[in-house]
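Within every chain, numbering begins at 1; the chains are lettered A, B, ... in the order of the sequence lines, protein sequences first and strands thereafter. Side chains are part of it too, since the values below use all heavy atoms of this structure and drop only hydrogens, waters and symmetry mates.
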Amino acid sequence: MKTSIKEDSDNPVINIVFDTLNKNKQALVFFNTKKSAEKAAEDIAKRIKKDDMALKELASDVLKALPRPTRQCERAALCVAKGIAFHHSGLTSRQRNLVEENFRKGTIKIICCTPTLAYGLDLPAYRAIIKDLRRFSQRGLTWIPVLEYLQICGRAGRPSYDSEGQAIAIAATNAEKEKIIEKYINGEPEEIYSKLAVEPVLRMHVLSLIASDFTTTKKQLIDFFRGTFYAHQFKDIRRITTTISKIIGMLDEWEFIIRSGNDEFQSADETDDEKYKSTLLGKRVAELYIDPLTAYHIISCIKESSGKKLNEFSVLQMISHTDELRPLLKVGIKEHDYVQEELLKRHQFLLEQEPSMYEPEYDEFLNSVKTALMFDEWVNEKDEDFLLEKFNITPGETRSKIDRMDWMLYATSELCKLLHYQYVIKEIIRLRLRVRYGIKEELLSLVRLQGIGRVRARMLFRNKIKDLSDVKNAELSVLKQLLGEKIAVSVKNQVGQGDVLQEKELENAKLGEWE
DNA sequence: GGACGGTGAAACTTCAGGTTGCCTC
DNA sequence: GAAGTTTCACCGTCC
């Protein structure tokens, strides 16, 4: 099928987008970076003159997704006001939902996005326009997999909305056009490969198989993996057996499992009868669903901490330096000195051995320090806008990092409980609440109230209402002025009935017990 | 003559995304 | 590898 598109601009994306708009249809445009998705949305929005009340309201919602708008919120709102949006992991979840909902309603006509929108969403796009088929990787710019290309094309003309759809790939040169036709249109999708033999993945599976008593001997363990897709695909169980041996050794050394039978774990045939049992600690690690290596890292750091000075940076850096927090914030060239200076100030609080500058892992270590510094600012009540300017982390990414830090702090507190590290548990629980709310210590008691988060708690505190008894003593009229009628009444009820503290960890974390 | 501002070329920098625990309304 | 951003030299204008 041939379609001709008017070329009003030298930018093919803009031409196709306006052609789509003229047909009164909607489109998703895929880019390989967040920046280019945002820029394209802005370029398109600038060319649209019309104003629409509904869109203006929507733009204001997008702008107000955070207590203080970031420059990203401002850009997003300006685009949305013209019916154009960008969509990537950096948006807050509220903004993402607004964009998706309004695209579905037809209020938003065009979304410029990264591959976030390629998976799982059913949207009424007539066209999927693919601007970039190459993406930066460690080997430079590489072509995206055919499977991903097909996934993106599948976004156009969803059966629930349209009877047909178009996928348009943009080529910069003739050679690129040939390549696209050959690789993506006439080519075959890649084989799917099992990633089971990768150590971190296997580590978690081996421990959980043993912890759940699903496999209790080496023979059972190997039989289990013999039945997996990995074994089916590679027809070679030897490689996986070697990795399993290594992992069993580690899990044993870290005291997550106990072996009995043979002392040595050499090859499959000799020691088939070796039996495994998880320790209490190993069972908990498996239940917490964290990488055993992470658990070991945390446990060794906490062990090290006895007798040492400990502060929030200690714990934040310890957790930032785990696989679960990846990808970490990258230390840019210009930030190098700043991060190192800050590290020097906090050196005594480090729980792990600092790698030498000349070791390859030093960069990742510095990244973990930068990530910890970002969390440190967050628990000292810096807002998303500040974090975006200082650490170049977008609100959406901030949120996802906070959620993961929250989960890992929970896991850490559970491990400490099991190991009877009483002196750190309370600190960790307090820190977890501070991370969750983004608050300093002094607001901890106020955020225990429902409807009170970092902003309202700070407002109360500034007005000399510093804890629950102050809330109790405060005039309702004063609270109403500060919090609005509904929340003021609810807060009063909560202190009156005294049944606010239902959450178990909050119960444990009662201020009195902390000191 | 010097401060200031505009311009454009060159140098520099950076680059997608996601699941898990547990709890409560 | 490409696009966006920063830096810097150069030039013209104004006081």
Could you give the CD-to-C1' distance, from A/Glu397 to B/dT14, as a whole number of Å? 13 Å
For A/Glu190, look at atom CD and say whether over 12 heavy atoms of other residues, nucleotides or ligands are found less than 6.0 Å away. yes
Closest to the 5' end of DNA chain B, once A/Gly90 and A/Val331 are matched to their nearest nucleotides, is A/Val331
With sugar-phosphate meaning primed atoms plus P, OP1 and OP2, does A/Ser36 contact a base, only sugar-phosphate, or nothing at under 4.0 Å between heavy atoms? nothing
Rounding to an integer number of Å, can you tell me how far A/Leu288 CG sits from B/dC22 C1'? 10 Å
On DNA chain B, more 5' by nearest nucleotide between A/Tyr289 and A/Gly332 is A/Gly332
Do any side-chain nitrogens or oxygens of A/Thr116 fall under 4.0 Å of OP1 or OP2 in B/dA16? no
Are A/Glu38 and A/His88 close enough that some pair of their side-chain heavy atoms sits under 4.5 Å apart? yes
On a whole-Å scale, what distance lies between the C1' atoms belonging to B/dT20 and C/dG1? 36 Å
Any ion pair linking A/Glu74 and A/Arg71 (charged N to carboxylate O, less than 4.0 Å)? no
Are the side chains of A/Lys82 and A/Arg47 in touch, meaning some heavy atoms are under 4.5 Å apart? no
Options B/dC15, B/dT19, B/dA16, nucleotide nearest the side-chain atoms of A/Arg135: B/dA16
Opposite nucleotide pairing with B/dC12, Watson-Crick or G-U, both atom distances under 3.5 Å: C/dG4
Considering only side-chain heavy atoms of A/Ile333, which listed nucleotide, B/dG21, B/dT13, B/dC25, is closest? B/dT13
Side chain of A/Gln450: nearest nucleotide among B/dG21, B/dT19, B/dC25? B/dC25
Figure out the CG/C1' separation between A/Asn32 and B/dC15, and round it to whole Å. 7 Å
From B/dG18, B/dC15, C/dG4, nucleotide with atom closest to A/Lys39 side chain: C/dG4
Check the distance between B/dG17's C1' and A/Leu121's CG and give it to me in whole angstrom. 13 Å
Which one, C/dA2, B/dG21, B/dA16, comes nearest to the side chain of A/Lys34? B/dA16
Strictly below 4.0 Å: does A/Lys330 bring a side-chain N or O up to OP1 or OP2 of B/dT13? no
Closest to the side chain of A/Arg432, out of B/dC22, C/dT5, C/dA3, is B/dC22
Students often get this wrong, so: under 4.0 angstrom with heavy atoms, is A/Asp406 touching a base, only sugar-phosphate, or nothing? base
State, without any angle test, whether A/Ser368 and A/Thr371 hold a side-chain donor-acceptor pair at a distance under 3.5 Å. no
Geometric class of the A/His297/A/His321 ring pair [parallel <30°, tilted 30-60°, perpendicular >60°]: perpendicular
Consider the side chain of A/Lys334, meaning its heavy atoms from C-beta on, and name the nucleotide among B/dG21, C/dT7, B/dG17 that approaches it most closely. C/dT7
Answer yes or no: does a side-chain N or O of A/Ser89 lie under 4.0 Å from OP1 or OP2 of B/dA16? no
Look at the side chain of A/Lys35 and decide which nucleotide, out of B/dC15, B/dG21, C/dT5, has an atom nearest to it. C/dT5
